[in-house]
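Note on naming: letters A, B, ... go to the chains in the order of the sequence lines (proteins, then strands), and numbering restarts at 1 for each one. Every heavy atom of this structure was used, including side-chain atoms; hydrogens, water molecules and symmetry mates were not.
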Protein chains: 2
Amino acid sequence: MFNLIKNHDCRQELKGFEVKATPARLAVMKFLESSNQPVDVNAILDYLTRESIHADPATIFRMMNAFVDKGILKKIDFREGKTRYELSSKGDHHHLVCTNCGNVERIEDSHMKEFEEEIKKKKKFLVKSHSLEFFGICQNCQS
Amino acid sequence: MFNLIKNHDCRQELKGFEVKATPARLAVMKFLESSNQPVDVNAILDYLTRESIHADPATIFRMMNAFVDKGILKKIDFREGKTRYELSSKGDHHHLVCTNCGNVERIEDSHMKEFEEEIKKKKKFLVKSHSLEFFGICQNCQS
DNA sequence: TTGACAAATGCAAATGGCTTGCATATACTA
DNA sequence: TAGTATATGCAAGCCATTTGCATTTGTCAA
C-alpha cells in the first residue's frame with residue numbers, strides 16, 4: 001500500500017513534467033528518492049534487476065537525459081569517469097567525497113548564492129547552474 | 001632564444017617534480033602555460049602537430065595522469081564528456097562557462113577558503129581539493 | 001663521455017560510458 | 001477504446017581513455 005501511494009506521487013510528479021509514467025520510470029524515481037547520494041546508471045540497472053524490472057542501458061541513459069532536460073534531475077560528477085544523477089527536489093547542497101573509502105556526505109549550500117550574485121554584478125555573467133564537490137579524507141579514514 | 005629560456009624553465013620545473021623532460025613534455029608545458037583556459041587532449045595533440053612534434057594520444061593521456069598525480073596539473077570538467085587540464089601553478093580560481101557560445105572566463109576564488117574551513121570544523125572532513133565551475137550565459141550572449 | 005637502468009613512448013587492441021537508428025510497444029487523451 | 005506521440009529494446013557505433021608489450025630515450029653515476 002505504501003508503494004501504491006509512492007507510485008501515485010511519482011505519477012503526478014512525472015505528469016507535471018510532461019513525461020510518461022512507465023513502470024521503469026516510476027521505479028527509477030522511487031530509487032532516486034530513497035537514495036541518500038547521487039547514483040550512476042549501473043546502480044539504477046542493478047536496482048531494477050533486483051526489482052525484477054527489465055530495462056536496457058540505452059533506455060536509462062535516454063531517461064536520464066530527458067529528466068535532466070526537464071529539470072527533474074541534476075548531473076553530478078565525482079571524477080569517476082561517469083555521471084551520477086540526483087533529484088533536483090533534494091535541494092541545493094554539495095558533496096564531500098572521500099577519496100579513500102568513497103563515502104559521500106552531504107553539506108548544505110551556504111556560500112553559493114552570494115558568490116553567484118557577485119558574479120552577476122562583477123562579470124555580467126548569468127549563472128544557470130554550478131557544480132561544486134569537495135574531495136578529501138573523511139573523518140573515519142583520518143584515524 | 002626566448003624558447004630556450006622557456007624550455008629551460010620547464011626543464012627545471014619538471015625536474016622538481018621528478019619526471020623526465022622529453023621534447024613532448026616540454027612542448028606540452030609551454031602550451032599549457034600559454035593557454036588562458038583549460039585544454040583537452042585533442043587541443044594538445046593539435047598543438048603538437050602544429051609544432052611538428054609527433055605524439056600518440058596514449059602518451060598524452062599517460063602524461064596527463066602522471067602530471068595530475070605529481071600535482072603539476074589539475075583536472076577540470078566542463079560537462080563535455082571529456083577532461084580538461086590546467087596548470088596548478090595558475091592558482092585557485094574557477095570558471096564561468098557559457099553554455100551558449102562555449103566561452104570560458106576566469107573568476108578568482110573568494111569564498112572557498114572559508115567554506116573549506118567550515119567543512120573541517122563542522123564535518124571533520126579534510127578537504128584536499130574541490131571542483132567548482134559555473135554554467136550559464138555570458139554577457140555577450142545575453143543581448 | 002659513456003653505460004645502465006628506470007622512465008617514457010608508440011602502436012594496437014581493448015574497455016567503458018554513452019549515443020543513435022529503427023522497428024515495436026506502451027501510456028495518455030479524446 | 002482507438003489514435004498518436006512517446007518510450008523502449010536491440011544492435012551497432014562513437015569517442016574518450018586505458019592497457020600490454022616491445023622499443024626508445026632521459027638521467028645519473030662512474
Exercise: do Ser129(B) and Arg79(A) side chains pair donor with acceptor under 3.5 Å: yes

- prompt: Base, sugar-phosphate, or nothing: which does Ala58(B) touch, judged by heavy atoms less than 4.0 Å apart?
  reply: base

Can you tell me the distance, in whole Å, between the [atom1] atom of [X] and the [atom2] atom of [N]?
{"X": "Phe17(B)", "N": "dA7(C)", "atom1": "CZ", "atom2": "C1'", "result": "18 Å"}
{"X": "Lys75(A)", "N": "dT19(C)", "atom1": "NZ", "atom2": "C1'", "result": "11 Å"}
{"X": "Phe61(B)", "N": "dA12(C)", "atom1": "CZ", "atom2": "C1'", "result": "16 Å"}
{"X": "Gln12(A)", "N": "dA27(C)", "atom1": "CD", "atom2": "C1'", "result": "15 Å"}
{"X": "Leu14(A)", "N": "dT6(D)", "atom1": "CG", "atom2": "P", "result": "15 Å"}
{"X": "Met63(A)", "N": "dT19(C)", "atom1": "CE", "atom2": "C1'", "result": "16 Å"}
{"X": "Leu26(B)", "N": "dT27(D)", "atom1": "CG", "atom2": "C1'", "result": "14 Å"}
{"X": "Arg79(A)", "N": "dG16(C)", "atom1": "CZ", "atom2": "P", "result": "23 Å"}

task: Enter the distance from Arg84(B):CZ to Ile44(B):CD1 here, rounded to the nearest 0.5 Å.
output: 11.0 Å

Crowded around [X] [atom1]? As in, over 12 foreign heavy atoms under 6.0 Å?
{"X": "Glu80(B)", "atom1": "CD", "value": "yes"}
{"X": "Glu108(A)", "atom1": "CD", "value": "yes"}
{"X": "Asn140(B)", "atom1": "CG", "value": "no"}

message: Can you tell me whether the side chain of Arg62(A) and the base of dG21(C) have a donor-acceptor pair closer than 3.5 Å?
response: yes

Using a 3.5 Å distance criterion without hydrogens, assess whether the side chain of [X] forms a donor-acceptor pair with backbone atoms of [Y].
{"X": "Lys82(B)", "Y": "Val41(B)", "result": "no"}
{"X": "Lys120(A)", "Y": "Phe115(A)", "result": "no"}
{"X": "His93(A)", "Y": "Gly91(A)", "result": "yes"}

message: Assuming nearest nucleotide by heavy-atom distance, tell me which of Lys15(B) and Ala66(A) is located more 5' along DNA chain D.
response: Ala66(A)

query: Mind checking whether His130(A) and Phe135(B) have ring centres under 6.0 Å apart?
result: no

task: Compute the centroid of each ring, for Phe17(B) and then for Phe67(B), and state whether the two points are separated by less than 6.0 Å.
output: no

query: Out of Lys74(A), His95(A), Gln37(A), which one pairs with Glu86(A) under the side-chain hydrogen bond (donor to acceptor under 3.5 Å, both in side chains) rule?
result: His95(A)

Residues within residues 80-88 of chain B bordering DNA chain D, heavy-atom distance below 4.0 Å: Gly81(B), Lys82(B), Thr83(B)

statement: Per the under-4.0 Å heavy-atom filter, residues of residues 40-51 of chain A near DNA chain D come out as none

- prompt: Quick one: does Val39(A)'s side chain get under 4.5 Å of Phe31(A)'s, heavy atoms only?
  reply: yes

Any His54(B) side-chain nitrogen or oxygen under 4.0 Å from OP1 or OP2 of dC11(C): yes

query: Does OP1 or OP2 of dC18(C) have a side-chain N or O of Asn65(A) closer than 4.0 Å?
result: no

What nitrogen or oxygen pairs link the protein and nucleotides 22-26 of chain D at under 3.5 Å?
from, atom 1, to, atom 2, distance (Å)
dG26(D), N3, Lys20(B), NZ, 3.3

